[in-house]
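Labels below follow one simple rule: chain letters A, B, ... track the order of the sequence lines, proteins then strands, and each chain is numbered from 1.
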Amino acid sequence: MVKEKKERRNSLPELEASDVPGGVVMRIAPGPSGPLHLGHSRVAVLNDEYVKMSGGRLVNRFEDTNPEKVDPEAYHMIAEDLEWLGVDVHETVHQSDRFQRYYDVIRKLTEMGHAYICLCDSNDWREMKVACQACGCRGSGPEDNLERLDRLLSSHYSAGEAAAVVKTAVDHPNPALRDFIALRQVDHPHPRTGDRYNVYPMMNLSVAVDDHDFGITHVMRGKDHLNNTHRQGFIYDYLSWTRPVFIHYGLVSIPDTVLKTSVIGQGIKEGEYKGWDDVRVGTLRALRRRGISPEAIRRYWLEVGIKQVDVQVSWDNLFAINRDIVEPEAKRFFFVPEPVKVSVEFDGTTESSCPLHPDRPEMGVRRHSFQGDFQVHICSEDHEELRRKGMLRLKGLCNIESGETCRHAGDDKSVSRQGVRIVQWAPEGSLPAEVVMPDGGLTRGLVEPLDASPGDVVQFERFGFVRIESVDDGVRAVYAHR
RNA sequence: GCUCCCGUAGUGUAGUGGCCAAUCAUGAGGGCCUCUCGAGCCUUCGACCCGGGUUCAAAUCCCGGCGGGAGCACCA
């Protein structure tokens with residue numbers, strides 16, 4: 001083995017037991033309550049990457065087992081988000097198609113004496129659990145429990161009255177692992193199954209069953225699921241199923257961003273946010289709008305890896321990766337925020353010339369012609385500099401001297417060595433432009449007529465990289481980063 | 001309260017007993033270059049949570065602290 005230290009790591013560590021014939025089978029399991037956000041993208045990218053490394057298969061499993069939390073729009077939004085991320089889904093599964101299967105499994109467990117139907121008040125049940133005590137229902141035999149299960153499944157009870165519980169051990173030292181609920185009744189129509197069912201599985205049942213049924217070889221999830229993994233382990237053991245390899249990565253915290261789907265959804269309803277792609281929120285569609293490329297997100301998560309340490313997302317690092325990807329392709333244009341008009345005395349003809357990309361002359365140049373006196377706009381801060389210093393260089397055009405009106409002062413580029421500031425400018429015929437800033441506010445100004453299409457990421461010189469959103473009588477763009 | 005997980009620079013990461021007076025990236029400072037405050041080049045700053053032990057040798061193994069996080073839902 002050749003040691004390759006000093007190299008920036010660009011691949012993930014090998015998975016445990018990854019030499020599966022036909023490649024690993026992995027899954028992502030989004031709850032369809034809204035579109036994907038940056039946090040979700042980690043598990044999606046990592047799973048996808050491992051599947052690709054071994055030529056395996058990736059299952060996208062919609063965990064829509066709580067009808068109260070399903071947003072019917074989310075199914076296709078998530079699919080779109082995954083596609084945008086470049087995640088290859090080989091099979092899509094809806095848990096809402098599989099309720100009967102979960103019922104069958106719980107019936108089996110009940111027959112085996114590993115599950116019971118509890119009719120206790122949920123608070124009492126919880127308190128007894130904390131006290132390591134079994135409730136009255138726990139002791140009843142399989143016969144009685146099967147009878148109760150039938151009643152539960154035939155709407156004999158009302159919601160909250162009965163629940164199917166998987167037995168573990170009431171005196172398990174870890175309180176999180178003492179008996180857990182597997183099925184319960186919810187009287188709420190489901191977007192996909194309507195009111196055909198009203199008994200829904202809890203995730204520990206449905207996840208264990210599905211991971212087994214679909215032959216998942218490796219399960220990757222946040223370490224907040226560590227206890228769920230243990231709970232699901234009981235089901236595997238009771239049914240003599242082989243467990244997949246479980247990998248738990250550390251929790252992700254993402255600063256300065258609203259991530260919680262419910263909070264964003266609420267904000268949209270209340271008019272606080274304009275939609276799921278509002279630049280202030282952390283959804284993938286917001287990041288896409290902001291000109292963050294899916295490759296940058298992928299590279300970012302590959303760099304972070306799958307350690308169990310909690311990580312804090314660094315926007316700086318993500319932006320740096322994005323800049324690296326976007327910079328070589330980004331056309332340069334002049335955008336002038338807070339424009340101030342400057343009249344320039346001039347008695348010749350000239351033409352400005354600025355490259356579309358300073359390091360790639362083959363991309364061409366932008367030109368503007370001038371004859372006689374002319375006017376340009378520069379930003380107010382540069383205008384102050386002009387008054388302070390008396391001179392400014394209009395990049396690619398000429399130098400100007402301040403006065404009553406300004407004066408063309410030659411085209412000697414070397415003035416910059418004497419400390420003359422080189423600035424961007426907007427010629428007559430420029431378009432009004434507004435740039436959506438990360439705080440949701442707008443920066444208005446003028447932009448030179450630009451050869452760019454919606455979706456392009458360009459650089460507004462001395463301002464930053466932006467993603468063009470629309471171009472017609474005016475230009476609308478979204479700020480990405482410096 | 002109980003249980004579990006984790007602890008390398010501001011951030012992320014490499015490192016699995018000697019090649020570590022610790023890698024790479026990002027960031028911050030300085031310089032060069034460039035008709036952008038972008039890119040590029042050079043350079044500086046900056047970390048093994050603490051304390052014991054094992055060993056000729058510990059970031060790496062063991063024990064104990066401390067710190068951070070998570071779970072103990074009829075959410076996922």
In whole Å, what is the span from the CZ atom of A:Phe335 to the C1' atom of B:C37?
15 Å
Which part of the nucleic acid, if any, lies within contact of A:His225, taking any heavy atom under 4.0 Å across all strands shown: a base, the sugar-phosphate backbone alone, or nothing?
base
Just compare B:C75, B:G69, B:U13 and give me whichever is closest to any side-chain atom of A:Asp310.
B:G69
If the C1' atom of B:C33 is compared with that of B:C41, how far apart are they to the nearest Å?
8 Å
Whether A:Lys307 contacts B:A14 is assessed here as follows: a side-chain N or O lying under 4.0 Å from the phosphate OP1 or OP2. Is that the case?
yes
Between atom CG in A:Leu397 and atom P in B:U36, what is the gap in whole Å?
15 Å
Look at the side chain of A:Asp224 against the base of B:G69 and say whether a donor-acceptor pair falls under 3.5 Å; ignore hydrogens and angles.
no
Let me know the distance between CD1 of A:Ile378 and P of B:C35, rounded to the nearest Å.
21 Å
Identify whether any heavy atom of A:Ser253 sits under 4.0 Å from a base atom; if not, whether one sits that close to sugar-phosphate; answer base, sugar-phosphate or nothing.
nothing
Nearest-nucleotide pick for A:Asn228, side chain only, options being B:C4, B:C6, B:A76:
B:A76
In whole Å, what is the span from the CZ atom of A:Arg231 to the C1' atom of B:C75?
11 Å
Ignoring the backbone of A:Val309, work out which of B:C74, B:A76, B:U13 is nearest its side chain.
B:U13
Need one value for A:Glu327: base, sugar-phosphate or nothing, where a base atom within 4.0 Å counts as base even if backbone is also close, heavy atoms only.
base
Assign A:Asn66 to base, sugar-phosphate, or nothing according to its heavy-atom contacts below 4.0 angstrom with the strands shown.
sugar-phosphate
Could you tell me which nucleotide pairs with B:U3 by Watson-Crick or G-U wobble geometry, both distances under 3.5 Å, or answer none if nothing does?
B:A70
Separation between the C1' atoms of B:U8 and B:G46, rounded to whole Å:
12 Å
Using whole Å, what does the distance between atom P of nucleotide B:G12 and atom OH of A:Tyr249 come to?
16 Å
I'd like the P distance from B:G71 over to B:U23, given in whole Å.
37 Å
Parallel, tilted or perpendicular: which fits the ring planes of A:His248 and A:Phe246, with parallel below 30° and perpendicular above 60°?
parallel
Taking a pair as Watson-Crick or G-U wobble with both distances under 3.5 Å, which nucleotide is matched to B:U16?
none
With nearest nucleotides of RNA chain B determined for A:Phe460 and A:Asp121 from heavy-atom distances, which residue corresponds to the more 5′ nucleotide?
A:Phe460
Hey, does the side chain of A:Arg332 come within less than 4.0 Å of B:G38's phosphate (OP1/OP2), counting only N and O?
no
Does the structure show a Watson-Crick or G-U wobble partner for B:G64, both distances under 3.5 Å? Name it, or say none.
B:C50
Selected nucleotide, minimal atom distance to A:Met202 side chain, candidates B:C75, B:C6, B:G38
B:C75
Which of these nucleotides, B:C72, B:G38, B:C6, is closest to any side-chain atom of A:Arg323?
B:G38
Which is true for A:Gly396 with a 4.0 Å heavy-atom rule: it touches a base, it touches only sugar-phosphate, or it touches nothing?
base
Mind checking A:Pro358 for me? I need base, sugar-phosphate or nothing, with any heavy atom below 4.0 Å counting as a touch.
base
What does A:Phe465 touch in the nucleic acid at a heavy-atom separation under 4.0 angstrom: a base, only the sugar-phosphate, or nothing?
sugar-phosphate
Please report the distance separating the P of B:G17 from the corresponding atom of B:A25, rounded so that it comes out in whole Å.
26 Å
Run the numbers on A:His190 and A:Ser96 for side chain to side chain contact (heavy atoms under 4.5 Å, CB included), then give the verdict.
CA-CA 9 Å; A:His190 190 287; A:Ser96 53; 3.6 Å; yes
Under 4.0 angstrom, heavy atoms only, what part of the nucleic acid is A:Arg126 near: base, sugar-phosphate, or nothing?
sugar-phosphate
Under 4.0 angstrom, heavy atoms only, what part of the nucleic acid is A:Asn317 near: base, sugar-phosphate, or nothing?
base
Would you call the rings of A:Phe460 and A:Phe463 parallel, tilted or perpendicular, taking 30° and 60° as the class edges?
tilted
Looking at A:Phe334, I'd like to know if the NZ or CZ of A:Arg366 sits under 6.0 Å from its six-membered ring centre while staying within 45 degrees of the ring's axis.
yes
When we call it a touch if two heavy atoms are under 4.0 Å apart, what does A:Gly250 touch: a base, just sugar-phosphate, or nothing?
nothing
C1' spacing across the pair B:U16 / B:C48, given as an integer number of angstrom:
14 Å
Between A:Asp64 and A:Gln424, which has a closest nucleotide on RNA chain B that is more 5'?
A:Gln424
Under a 3.5 Å cut-off for both distances, is B:G27 Watson-Crick or wobble paired, and to whom?
B:C45
Please work out if A:Gln459 contacts a base, only the sugar-phosphate, or nothing of the nucleic acid, heavy-atom cut-off 4.0 Å.
base
B:G38, OP1 or OP2 - any side-chain N/O from A:Arg482 closer than 4.0 Å?
no
Identify the nucleotide, in any strand shown, that forms a Watson-Crick or G-U wobble pair with B:A22, with both distances under 3.5 Å; if there is none, say none.
none
Atom-to-atom span, OH of A:Tyr300 to C1' of B:G12 - whole angstrom:
6 Å
Work out which heavy atom in A:Met53 is nearest to a heavy atom in A:Glu14; give both atom names and the distance.
CE-OE1, 4.5 Å
Ring centres of A:Phe370 and A:His408 under 6.0 Å apart?
no
Spacing of the C1' atoms in B:G51 and B:G10 (rounded, Å)
27 Å
If we take the C1' atom in both B:A21 and B:A39, what is their distance in whole Å?
35 Å
For A:Ser416, answer base if it contacts any base atom (sugar-phosphate contacts may also be present), sugar-phosphate if it contacts only those atoms, and nothing otherwise; contact means non-hydrogen atoms under 4.0 Å.
nothing
Short side-chain N/O contact to B:A76 OP1/OP2 from A:Thr65, under 4.0 Å
yes
Classify the nucleic acid contact of A:Cys120 as base, sugar-phosphate or nothing, counting any heavy atom under 4.0 Å across all strands shown.
base
Looking at B:U36, B:G38, B:C74, which one has an atom nearest to any side-chain atom of A:Lys395?
B:U36
Base-pairing assignment for B:U34 (Watson-Crick or G-U wobble, both under 3.5 Å)
none
Touch class at under 4.0 angstrom, heavy-atom based, for A:Met203 against every strand present
base
Apply the side-chain contact (heavy atoms from CB on, under 4.5 Å) test between A:Val93 and each candidate in A:Arg98, A:Glu63, A:Arg27; give the one that qualifies.
A:Arg98
Can you figure out which of B:G69, B:G12, B:U36 approaches the side chain of A:Gln312 most closely?
B:G12
Expressed as a whole number of angstroms, how long is the span from A:Phe319:CZ to B:A25:C1'?
17 Å
Considering only heavy atoms from C-beta outward, does the side chain of A:Asp210 approach that of A:Arg101 to under 4.5 Å?
no
Taking the P atom in each of B:C35 and B:G15, what is the distance between them to the nearest angstrom?
43 Å
Identify the two heavy atoms, one from A:Arg332 and one from A:Pro358, that lie closest to each other, and give their separation to 0.1 Å.
NE-CD, 3.7 Å
May I ask you to test the A:Cys379-A:Phe335 pair for a side-chain heavy-atom distance under 4.5 Å?
no
A:Lys413 atom NZ is separated from B:C33 atom P, nearest whole Å, by 16 Å
Taking the side chain of A:Pro175 as its heavy atoms from C-beta onward, which of B:A76, B:G1, B:C6 lies nearest to it?
B:G1
